[in-house]
Amino acid sequence: AIEVPGEEPGTWSRVDTKEQVEELLIKRNIEQFSHAGETPFGYTELGDELGHTGDTPMADAIYTGTLEHRSLTDHAIKAIVEQLRKHPLLTKMIKPIVTTEDFISCFGCVAEKTSSSPSGRHVGHYLACIDMKDELSVLLAAVHAAMMSIPLAEGFCPERWRQAIDIMLEKVPGVPRINKLRIIQLLEADLNQVLRSAFARNISKLAQETPGIISEHQYGRSHQTCLTPVLNKLLTVQLLIQKKTNGIVFDNDAKGCYDRIVSGIALAALRRIGYSKNSVRMLGLLWAQLEHHVATGFGVSETSYKSTMDKLLYGIGQGSCSSPIVWALLNQLLLTALGEEFDCISLVSVDGKTTDIRPGDSFVDDTTTGATDDNHNLDPVPSSISDLTPEEESLVARMETIIQFFLDLLQVTGGDLAPEKCAWYLIGHRWCKGIPRLLQIKQQHRSISMTSRSSGQVSGIKRKAPEEGHRTLGFFMTGDG
């Protein structure tokens, strides 16, 4: 059963019949996967020209850096397009294949009880091929690896791969409200290991070897944890307080994340780092032609939905092994473009020997950025001054500009921010009898807002007091560290 909004505001009604549950979930999922249609490369001329297979003339022009289009007068679109041109340090084309060793390695870390494969082909079928104790096992593993590589080499997506089961998970356990359900896509087991081997693992290795693929300020890769960006935020705040330097810390959360990515932009990001046209075409066809069935307590629905010319669907699928690394590639575009436009967080060590300039820190869809005052020799501000100083006002205005540009960049890729999950802290000081005190909201409540380029909606971002905690990656950290 699920709960849907009732007739009276703030009420919820229970729906528990098979037909109604499936119909409502399919309708809701179509809406979830179509949000990116309102963004620049969605239901637009730009989106049509870029296409969904990564091999259109516009995709080629973006790759070579020769695109000429009237839309490039838009600052954010131009910034993303410039970031998507061929990576300057990469000279070799990546033509991914799945070797026998890859097949064994990938399935070797999959538990037999793992749910997968809408076709019914069980994981145990593949695990039986990795025993490697006889020649037949070696042969079967090699055959499977070859079959998994052919679509990458030839640029097509097998019909069996173009099926997915939407598993609906409650974001709040015990609360099955339709707007609080997370969509996890169950894919074919061999397809998901293709995505793991040919994309996730290859890109992770490439990122370690090549600067600028995925920066050190992103922490969602293998052998990394969410503790590092939280520690960076803590050290940033503490250094600002220690040096009595003005600064702003802004925490944001991307709405929908994987469900809003425009496939054409994601495929361009893969071509940027060297992936062949056929390999990205396979991925584009998968995303464009994927047919979804919904799993409920009644079983898997016979009815399904998919992208159509009248209703294009977007997103790269939560549950896919390649989604985290593709998101990291796109996030890298945002952080790089932001860093080229602004010196967001600029910190100098107490002894003046070390300088750190960075756009922010990110873990998947949670990013912390900010703005700091370059003038470290400001005169102490007495506590009698309640209004913001000109320097503080300038800092807040710069932060608002940074936030707006980050939102614009994110919306170019299909994403959006969740204003209710965003917050900012202003680190400033007032001096009383030689003792510095952190600036309080009650002394000056300065607001920051951002405007959605797709809907035109203006959203205010909550400013929090220094002693007020804000949840960041599961931690409640206050603005005073």
Inset, instruction - Please name the residue in the list Thr369, Thr236, Asp343 that meets the side-chain contact (heavy atoms from CB on, under 4.5 Å) test with Arg358. - result: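 Among the candidates, only Thr236 passes.
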Can you tell me how far [atom2] of [Y] sits from [atom1] of [X], rounded to the nearest 0.5 angstrom?
X	Y	atom1	atom2	result
Cys257	Asn331	SG	CG	8.5 Å
Asn179	Lys171	CG	NZ	8.0 Å
Ile178	Ile2	CD1	CD1	4.0 Å
Ile248	Ile345	CD1	CD1	11.0 Å
Ser447	Glu400	OG	CD	7.0 Å
Glu468	Tyr425	CD	OH	6.0 Å

Legend entry - salt_bridge(Asp251, Lys233) N-O dist < 4.0 Å: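 Here Asp251 pairs with Lys233 in a salt bridge, since their nearest N and O are under 4.0 Å apart.
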Inset, instruction - In plain terms, say whether Arg430 and Glu392 are close enough for a salt bridge, that is, a side-chain N and a carboxylate O under 4.0 Å apart. - result: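 Counted as a salt bridge, because a side-chain N and a carboxylate O are separated by less than 4.0 Å.
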Legend entry - Mutual orientation of the aromatic rings belonging to His292 and Tyr305 [parallel < 30°, tilted 30-60°, perpendicular > 60°]: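 If you compare the ring of His292 with that of Tyr305, the planes turn out parallel.
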Inset, instruction - Please determine which of Arg85, Lys277, Lys86 meets the salt bridge (charged side-chain N to carboxylate O under 4.0 Å, His left out) test together with Asp60. - result: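 Between Asp60 and the candidates, salt bridge (charged side-chain N to carboxylate O under 4.0 Å, His left out) is satisfied uniquely by Lys277.
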Take atom [atom1] in [X]; do more than 12 heavy atoms of anything else shown fall under 6.0 Å from it?
X	atom1	value
Lys255	NZ	yes
Lys205	NZ	no
Lys464	NZ	yes
Glu209	CD	yes

Legend entry - Nearest non-hydrogen partners of Gly414 and Ala36, listed with the distance: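 For Gly414 and Ala36, the tightest heavy-atom pair comes out as O-CB, 3.6 Å.
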Legend entry - Shortest non-hydrogen separation from Lys243 to Val348 and the atoms involved: NZ-O, 2.9 Å
Legend entry - Any donor-acceptor pair under 3.5 Å from Thr56 side chain to Leu50 backbone: yes
Legend entry - Phe199 ring center near Tyr275 ring center (under 6.0 Å):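 Phe199 vs Tyr275: aromatic centres under 6.0 Å.
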